[in-house]
Every structure is written in structure tokens, then in C-alpha cells.
Undergrad: 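Once you've had a glance at the structure underneath, I'll fire off some questions.
No hydrogens, no waters, no symmetry mates; every other heavy atom, side chains included, goes into these values.
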Amino acid sequence: MGRLLIWMHFLLLTVLLASVQKATACSCAQAHPQTKFCESDFVVVVRVKKVLPVNDYEIAYKVKINRVFKSNPKADMALMQNLLRTPSTDSMCGVTLNVGDTYVLNGRIVSGKALISNCGLSIRWADTTTRQRKGLRQLYQQGCVCDILYTHWRRKGAVLESSGGKNCLWESTPGPQDCQEKYGVCMASFSGCSWVPSVPYKNCIKEYQRKREQQRSREP
């Protein structure tokens, strides 16, 4: 009887631990849109037509593919199904998309199926900047030889010095994180990898610097 109670307690503890793990399972590392592009099997613009249940743990979005920015032979085959699969819950990194909306999404091909995750690209197409669209069309691919490191803004100097010109630093807030995410493209040149200058990027940086100066002036 004592052994039975111990076994029952062990089973109960296992179930409770599994529930906690499931609730806290989704944890995504910070990654720039260019990094997500480079590390994916496919990048597409789709309009969501329908949500289809697959099983207790997975759903599929029936989509109309409007544009393909990146693919490979396996992805070409999988995307012909017009189905993008994802976990059914946020805790397992499932992506929540609205029927009728248009998104830019990336994903991987696993066992012949196109999978998307909340850790990947999942942006309403209307919310993308012109610079991001240019990146998706061409520039991100050209910059895949470089790495983009998410870096605490206080450590950017030391990290940049040790990067050997192979990385662009994506500076955390209160650094220009939003500017680099929305307008930054990292590409290689003779002097190493760096953020490519552009009018939108420069304007965003100037606005960021103006706001930082205002904030510092109000500090005691």
C-alpha cells in the first residue's frame, strides 16, 4: 500500500511538472527579421482563408500564397498544399493569425509539411516598412553572409570590437532597436559587415537621438 501511494504521488508530480513545462515552453531568442529570413526554408506573403484543426496539439491555416520571397525544392512541394501548420497553443509557440488578413511569414519544412512558429516572422503585410519589403525582395538574402547579434546597448562597444567585422549589432532598448528592426539591413563590404545607410534608417536614428537627448535633459 505504501509503495502504491508513493507511485501515485510520483505520477501526480509528473503530471504537474508536465503542465508547468507546457505553460512555459515557448521561449524565443531575439532575432532580427533578416536573421529569420536567412535561417528559414521559406518566406511567403499569404492571405489567411481558413483555420483547420489537425489534432489536439496542432492546427493548420489554409492560405492563398500571394508571393514567395524564399523557397527551396522541398518548400515548393509543401507550399503547393496551401497549408501552414502550427502548434494550437501560444505556450507551444503557436502562431495566431486572423482569417482574411495578409501576413509575411517564414518557416521550416519538416516531414514534407510547412511549419510556422511564433518565434519566426509573423507580421501583417500592411505593417511592414518599405525598407523591410526591400529586404525581403533582395537585400536580406545578400546579407546572409553576415550575422546580426542582439546586444545589450551598454556592451555594444566591447562586442563590436570582438566581432571581427562579421557582425552587425542589434542594440537593445534604449538603443535604436526599433530603427534597426524596421529599417536596418546588414550587409558585407570590404571593411566588414555593417548596417546599410538609407534615408529611412538615418531619419529614424536622428529621431531616436532627439528623444534620448530630451530624456537625458529631464533626468536629475
Undergrad: So which atom in Tyr61 and which in Val95 form the shortest heavy-atom distance, rounded to 0.1 Å?
TA: OH-O, 2.7 Å
Undergrad: So, Cys93 with Cys26, SGs under 2.5 angstrom?
TA: yes
Undergrad: Please determine whether salt bridge (charged side-chain N to carboxylate O under 4.0 Å, His left out) holds for the pair Glu207 and Arg210, giving the CA-CA distance in whole Å, both sets of side-chain angles, and the decisive distance to 0.1 Å.
TA: CA-CA 5 Å; Glu207 180 64 15; Arg210 184 185 67 81; 2.4 Å; yes
Undergrad: Nearest 0.5 Å please: distance from the SG atom of Cys179 over to the NZ atom of Lys202.
TA: 14.0 Å
Undergrad: From Gln214 CD over to Gln209 CD, what is the distance, rounded to the nearest 0.5 angstrom?
TA: 12.5 Å
Undergrad: Suppose we screen for side chain to side chain donor-acceptor pair (under 3.5 Å). Which residues come up paired with Asp178, at least two apart in sequence or across chains?
TA: none
Undergrad: Does one hydrophobic cluster hold both Ile109 and Val68, with members joined at side-chain heavy-atom distances below 4.5 Å?
TA: yes
Undergrad: Between the side chain of Thr102 and the main-chain N/O of Ala126, is any donor-acceptor distance below 3.5 Å?
TA: no
Undergrad: How about Arg133 and Trp125: do any of their side-chain heavy atoms sit closer than 4.5 Å?
TA: yes
Undergrad: Using the rule that Ile, Leu, Val, Met, Phe, Trp and Tyr join whenever any side-chain heavy atoms are under 4.5 Å apart, tell me whether Tyr103 and Ile65 fall into a single cluster.
TA: yes
Undergrad: Any non-hydrogen side-chain atom of Pro33 less than 4.5 Å from a side-chain atom of Glu181?
TA: yes
Undergrad: Calculate, to the nearest 0.5 Å, the distance between atoms CD and CD belonging to Gln132 and Gln34 respectively.
TA: 11.5 Å
Undergrad: Atom OG of Ser40 and atom CG of Asn72: how far apart are they, to the nearest 0.5 Å?
TA: 9.0 Å
Undergrad: For the backbone of Leu149 and the side chain of Thr151, can you confirm whether one donor and one acceptor N or O come within less than 3.5 Å of each other?
TA: yes
Undergrad: In the hydrophobic clustering (ILVMFWY, side-chain contacts below 4.5 Å, transitive), which residues join Tyr183, or is it alone?
TA: Ile148, Tyr150, Trp170, Trp195, Tyr201, Ile205
Undergrad: Let's go through Arg131 and Leu139 carefully: what are the C-alpha distance in whole Å and the side-chain angles of both, what is the deciding distance for side-chain contact (heavy atoms from CB on, under 4.5 Å) to 0.1 Å, and is it a yes or a no?
TA: CA-CA 9 Å; Arg131 193 64 175 167; Leu139 297 182; 3.9 Å; yes
Undergrad: Identify whether Val99 and Val46 are in the same connected component of the hydrophobic contact network (ILVMFWY, side-chain heavy atoms under 4.5 Å).
TA: yes
Undergrad: Atom NZ in Lys182, atom SG in Cys204: separation rounded to 0.5 Å?
TA: 7.5 Å
Undergrad: Are any side-chain N or O atoms of Tyr208 and backbone N or O atoms of Pro174, one a donor and one an acceptor, separated by less than 3.5 Å?
TA: yes
Undergrad: Hey, are the side chains of Thr35 and Asp147 touching, using non-hydrogen atoms and a 4.5 Å cut-off?
TA: no
Undergrad: Any sub-3.5 Å donor-acceptor pair from Lys70's side-chain atoms to Cys38's backbone N or O?
TA: yes
Undergrad: Would the number of heavy atoms belonging to other residues, nucleotides or ligands and lying under 6.0 Å from NZ of Lys62 be above 12?
TA: yes
Undergrad: Of all the heavy-atom pairs spanning Gly184 and Tyr140, show the shortest one and how long it is.
TA: O-CE2, 4.2 Å
Undergrad: Can you give me the closest heavy-atom contact between Ala31 and Lys36, atom names plus distance?
TA: O-CE, 3.3 Å
Undergrad: Enumerate the side chain to side chain donor-acceptor pair (under 3.5 Å) contacts for residues 76-86, please, sequence neighbours excluded, ordered by first and then second residue.
TA: Ser71-Asp76
Undergrad: For Ile59 and Ser88, which heavy atoms make the closest approach, and how far apart are they?
TA: CG2-CB, 3.8 Å
Undergrad: Considering residues at least two apart in sequence or located in another chain, which fulfil the salt bridge (charged side-chain N to carboxylate O under 4.0 Å, His left out) criterion with Arg67?
TA: none
Undergrad: Are Leu79 and Val43 grouped together when hydrophobic residues (ILVMFWY) are joined by side-chain heavy atoms under 4.5 angstrom apart?
TA: no
Undergrad: With the side chain counted from C-beta on, respond yes when Gln138 and Lys134 share a heavy-atom pair under 4.5 Å apart, and no when they do not.
TA: no
Undergrad: Taking all non-hydrogen atoms of both residues, which atom of Gly94 and which atom of Asn118 are closest, and how far apart?
TA: O-CB, 3.6 Å
Undergrad: Decide whether Phe37 and Ile123 are clustered together by the hydrophobic rule: side chain heavy atoms of Ile, Leu, Val, Met, Phe, Trp, Tyr closer than 4.5 Å, transitively.
TA: yes
Undergrad: Which atoms form the tightest heavy-atom contact between Met92 and Pro87, and what is the distance?
TA: O-CG, 3.2 Å
Undergrad: Flag the pair Arg124 / Asn98 as yes when at least one side-chain heavy-atom distance between them is below 4.5 Å, and no otherwise.
TA: yes
Undergrad: Any non-hydrogen side-chain atom of Leu97 less than 4.5 Å from a side-chain atom of Leu105?
TA: yes
Undergrad: Kindly check if Cys186 and Cys168 bring their SG atoms closer than 2.5 angstrom.
TA: yes
Undergrad: The criterion is salt bridge (charged side-chain N to carboxylate O under 4.0 Å, His left out); which residues satisfy it with Arg108, sequence neighbours excluded?
TA: Asp41
Undergrad: When you compare the side chain of Leu136 with that of Val45, does any pair of heavy atoms fall below 4.5 Å?
TA: no
Undergrad: Out of curiosity, Lys113 NZ to Leu83 CG, how far, rounded to the nearest 0.5 Å?
TA: 10.5 Å
Undergrad: Donor-acceptor pairs are to be reported for all side-chain atoms of residues 48-55 against protein atoms at under 3.5 Å, with residues two or more places apart or in another chain.
TA:
from	atom 1	to	atom 2	distance (Å)
Asn55	OD1	Tyr57	N	2.8
Asn55	OD1	Glu58	N	2.9

Undergrad: A side-chain contact here means heavy atoms from C-beta on lying under 4.5 Å apart; do Asn106 and Glu39 qualify?
TA: no
